[in-house]
Novice: 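Mind looking over this structure? Questions follow.
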Amino acid sequence: MGARLWLFAWYCMENGWIKLHRKLVKKGYYKRSTHVHLWIHILLMANHKPKEFMWNGKIILIKEGQFITGRKHLADETGISQGIVERILGMLENEQQIEQQKTTKYRLIT
């Protein structure tokens with residue numbers, strides 16, 4: 001992830017707070033600490049209000065509840081291997097907990 005994109009992600013994560021519903025403990029993946037860790041990290045990274053930034057000469061609007069990241073970046077931030085990050089993201093997408101839009105440079109997670 002480029003320095004500008006990383007700085008944007010860091011800025012979004014440093015502001016605000018989140019609420020967790022107690023139903024999280026009822027999820028089938030709750031006993032898998034890597035799954036819960038990544039899920040909470042995703043919740044913390046999501047924008048709490050829309051933001052714009054420029055990427056490769058284009059203005060990109062990141063809406064509330066979205067953020068831009070990459071598998072490597074998530075692995076670096078959480079300490080979870082890239083392969084496991086990819087599998088967990090796939091599981092969260094199949095469970096309709098997240099949506100992903102992937103490019104060759106980044107992914108938009110909603």
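Positions are given from 1, in the same order as the sequence printed here. Just so it is clear, the structure is predicted and the values come from calculations on it, not from any experiment.
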Novice: Could you please spell out the steps behind the side-chain contact (heavy atoms from CB on, under 4.5 Å) verdict for Ile80 and Leu74?
Specialist: CA-CA 8 Å; Ile80 302 169; Leu74 287 172; over 6 Å; no
Novice: Would you check if Arg107 and Arg71 make a side-chain contact, meaning some heavy-atom pair closer than 4.5 Å?
Specialist: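 Result yes, sub-4.5 Å side-chain heavy-atom pair found.
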Novice: Between atom CE of Met54 and atom CD1 of Ile60, what is the distance when rounded to the nearest 0.5 Å?
Specialist: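 Atom-to-atom, Met54:CE and Ile60:CD1 are 9.5 Å apart.
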Novice: How long is the straight-line distance from CG of Leu108 back to NZ of Lys102, given to the nearest 0.5 Å?
Specialist: 12.5 Å
Novice: If we only count heavy atoms from C-beta on, is the Ile68 to Ile109 side-chain gap below 4.5 Å?
Specialist: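 Sidechains of Ile109 and Ile68: no contact.
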Novice: Tell me the closest heavy-atom pair linking Ile62 and Asn47, and the distance in Å.
Specialist: CG2-ND2, 2.9 Å
Novice: Pair Thr69, Met45 - check side-chain contact (heavy atoms from CB on, under 4.5 Å), show working.
Specialist: CA-CA 9 Å; Thr69 191; Met45 291 294 293; 5.6 Å; no
Novice: If I take atom CE from residue Met91 and atom CD1 from residue Ile84, how far apart are they, to the nearest 0.5 angstrom?
Specialist: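 These two atoms lie 12.0 Å from each other.
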Novice: Roughly how far apart are Ile98 CD1 and Asn94 CG, rounded to 0.5 Å?
Specialist: 9.5 Å
Novice: Taking atom CZ as the centre, does Arg32 end up with more than 12 heavy-atom neighbours from other residues, nucleotides or ligands that are less than 6.0 angstrom away?
Specialist: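 No, the 6.0 Å shell around CZ holds no more than 12 heavy atoms from other groups.
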Novice: According to a 4.5 Å side-chain heavy-atom criterion applied to Ile, Leu, Val, Met, Phe, Trp and Tyr, with indirect links allowed, do Tyr106 and Leu61 form part of one hydrophobic cluster?
Specialist: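 Not linked; separate clusters.
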Novice: Identify the heavy atoms of Tyr29 and Val36 that sit nearest to each other, and give their distance.
Specialist: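 Heavy-atom minimum between the residues: O-CG2, 3.9 Å.
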Novice: Using only atom types and a distance under 3.5 Å, with no angle test, would you say the side chain of Glu86 pairs donor to acceptor with the backbone of Gly83?
Specialist: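 No; zero donor-acceptor contacts below 3.5 Å.
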Novice: If you take all heavy atoms of Leu38 and Val85, which pair is closest and at what distance?
Specialist: CD2-O, 4.0 Å
Novice: I need the minimum non-hydrogen distance between Ser81 and Ala75, along with the two atoms involved.
Specialist: C-CB, 4.1 Å
Novice: How long is the span from the OG1 atom in Thr110 to the CD atom in Gln97, to the nearest 0.5 Å?
Specialist: 13.5 Å
Novice: Would you call Lys72-Glu77 a salt bridge at under 4.0 Å N-O?
Specialist: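 Here Lys72 does not pair with Glu77 in a salt bridge, since their nearest N and O are not under 4.0 Å apart.
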Novice: Minimum heavy-atom separation for Gly90 and Gln100, please, with both atom names.
Specialist: N-NE2, 4.3 Å
Novice: Taking only Lys NZ, Arg NE, NH1 and NH2, and the carboxylate oxygens of Asp or Glu, determine whether Glu64 and Lys49 approach each other closer than 4.0 Å.
Specialist: no
Novice: Leu89 and Ile42: which non-hydrogen atoms are nearest, and at how many Å?
Specialist: CD2-CD1, 3.7 Å
Novice: What is the distance from atom CD1 of Ile88 to atom NE2 of His35, rounded to the nearest 0.5 Å?
Specialist: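 Going from CD1 on Ile88 over to NE2 on His35, the span is 4.5 Å.
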Novice: For Glu99, does the CD atom have more than 12 heavy-atom neighbours from other residues, nucleotides or ligands under 6.0 Å away?
Specialist: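 No.
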